[in-house]
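Read the structure below first, then the notes.
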Amino acid sequence: MSEVKTVLPELSFENGVAKNFTDLRALIDGVQVEPITNKISAQSMASLKKNMVFVSDSIKKAIKQDVKNYEKSLIENNGTLIAIKDTADAIKEDITENQNTYNVSRLKELETVLKKEVDERNQNYHLKQPITPKSEWLKISNFTATGKPTGALTKLLNLEFIAAQARENEKPKLTEIDAYKLRVKHVFAELFDQFDSEEIYSGKDFQQALADRKSQLD
């Protein structure tokens with residue numbers, strides 16, 4: 001099939017029914033996709049592909065335009081309905097603004113409550129590094145209507161402080177150098193235990209004993 005070169009009648013819609021699409025349909029009638037085996041068939045398939053793109057794009061463009069036309073007509077013919085919608089949207093926006101204003105004020109009050117809860121736990125747990133309130137804890141849903149922490153928040157705070165206390169009580173891990181120093185002290189302590197303070201030893205005795213212990217320091 002040759003590539004489309006002429007301008008086809010413009011596809012349109014009338015009362016939601018498509019018109020002037022006979023020529024577009026003709027472009028797909030009897031079309032067969034064939035394997036590309038040489039330059040000629042490659043050109044033929046490339047031309048066919050462009051025709052299919054033209055058909056698809058023409059239909060999408062026409063539908064999109066008709067949707068716009070229909071929407072415009074729908075709005076123009078239903079002014080009262082649209083006014084009701086706009087009024088509902090305006091009311092919703094006013095309520096949202098009031099909610100935001102209330103939430104900001106409410107969170108300021110709850111921030112004081114949260115700080116008190118955290119400060120009390122810092123005193124009770126005697127942490128070296130006190131915990132400061134986290135932003136994710138300060139949520140209206142974490143407090144009751146009367147401003148008290150919910151059970152979930154209380155549990156969360158307790159777990160946070162228990163974990164912090166456990167970290168502080170955990171013995172620090174020895175560095176490689178510190179571990180080696182301890183090993184040296186241990187080896188020399190064992191070395192001195194070998195020798196009786198009442199006996200007399202030569203330097204060779206000390207050298208041999210030290211050589212025997214050297215493998216423990218390697």
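Remember, it's a predicted structure, so these values are computed and weren't measured experimentally.
For residues 73-111, no pair satisfies ring pair (Phe, Tyr, Trp, His ring centres under 6.0 Å), with sequence neighbours left out.
Although no hydrogens or angles enter the test, the distance criterion places no donor-acceptor pair under 3.5 Å between the side chain of Asn142 and the main chain of Leu138. Here the side chain of Thr96 pairs a donor or acceptor atom with the backbone of Lys92 at under 3.5 angstrom. With hydrogens and angles disregarded, no donor-acceptor distance shorter than 3.5 Å links the side chain of Asn20 to the backbone of Ser12.
Leu107 and Val113 fall within a single hydrophobic cluster, where Ile, Leu, Val, Met, Phe, Trp and Tyr are joined by side-chain heavy atoms under 4.5 Å apart, directly or via other members. One hydrophobic cluster holds both Ile162 and Trp137 under the rule that ILVMFWY side chains link at heavy-atom gaps under 4.5 Å. In terms of hydrophobic clustering, with Ile, Leu, Val, Met, Phe, Trp and Tyr side chains grouped at heavy-atom distances under 4.5 Å, Ile63 and Leu11 are assigned to a common cluster. Under a hydrophobic-cluster definition in which Ile, Leu, Val, Met, Phe, Trp and Tyr are linked whenever side-chain heavy atoms come within less than 4.5 Å, directly or via other members, Val53 and Val31 are assigned to different clusters.
In this structure, the separation between CG on Asp66 and CD on Glu14 is 10.5 Å, given to the nearest 0.5 Å. Rounding to the nearest 0.5 angstrom, the gap separating the CD atom in Glu170 from the CD atom in Glu168 is 11.5 Å. Put simply, CG on Asn103 and CD1 on Ile140 are 3.5 Å apart, with the number rounded to the nearest 0.5 Å. The line from NZ of Lys85 to CG of Asp89 is 4.0 Å long, rounded to the nearest 0.5 Å. Here the CG atom belonging to Leu110 is positioned 11.5 Å from the CD atom belonging to Glu117, to the nearest 0.5 angstrom. Taken to the nearest 0.5 Å, the OG atom of Ser58 stands 8.5 Å off from the CG atom of Leu27.
For the residue pair Met52 and Ile28, the shortest heavy atom distance occurs at SD-CG2, 3.8 Å. When all heavy atoms of Thr37 and Ser41 are compared, the closest pair comes out as N-OG, 2.9 Å. Between Pro149 and Thr154, the shortest heavy-atom distance links the atoms CB-OG1, 3.9 Å. Closest non-hydrogen pair, Leu74 versus Asn78, comes out as O-ND2, 2.8 Å.
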Q: Assess whether side chain to side chain contact (heavy atoms under 4.5 Å, CB included) is satisfied between Asn158 and Arg121, documenting all intermediate values.
A: CA-CA 8 Å; Asn158 290 340; Arg121 285 171 174 77; 2.9 Å; yes
Q.
Between Leu114 and Phe143, does the side chain to side chain contact (heavy atoms under 4.5 Å, CB included) criterion hold? Intermediate values first, please.
A. CA-CA 9 Å; Leu114 176 62; Phe143 299 85; 4.1 Å; yes
**Q.** Pair Gln65-Asn69, side-chain hydrogen bond (donor to acceptor under 3.5 Å, both in side chains): steps then yes or no
**A.** CA-CA 6 Å; Gln65 183 59 49; Asn69 294 338; 3.0 Å; yes
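Counted within 6.0 Å of CD1 on Ile40, heavy atoms from surrounding residues, nucleotides or ligands total 12 or fewer; the atom is thus considered open.
Between the side chains of Asn98 and Thr101, no donor-acceptor pair of N or O atoms lies under 3.5 Å.
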Exercise answer: donor-acceptor pairs, residues 122-136 side-chain atoms, under 3.5 Å, sequence neighbours excluded:
unit_1	atom_1	unit_2	atom_2	d
Asn122	OD1	Ile131	N	2.9
Asn122	ND2	Val118	O	3.3
Asn122	ND2	Ile131	O	2.9
Asn124	ND2	Glu120	O	3.2
His126	ND1	Gln123	O	3.2
Lys134	NZ	Glu160	OE2	2.8

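Two residues are said to be in side-chain contact when any heavy atoms from C-beta on lie closer than 4.5 Å; Lys116 and Thr112 fail this criterion. Residues Ile59 and Phe21 fail the side-chain proximity criterion, which asks for heavy atoms closer than 4.5 Å. Taking 4.5 Å as the limit, some side-chain heavy atom of Phe54 sits within range of a side-chain heavy atom of Leu24.
With salt bridges taken as basic N to acidic carboxylate O contacts below 4.0 Å, none links Lys68 and Glu71.
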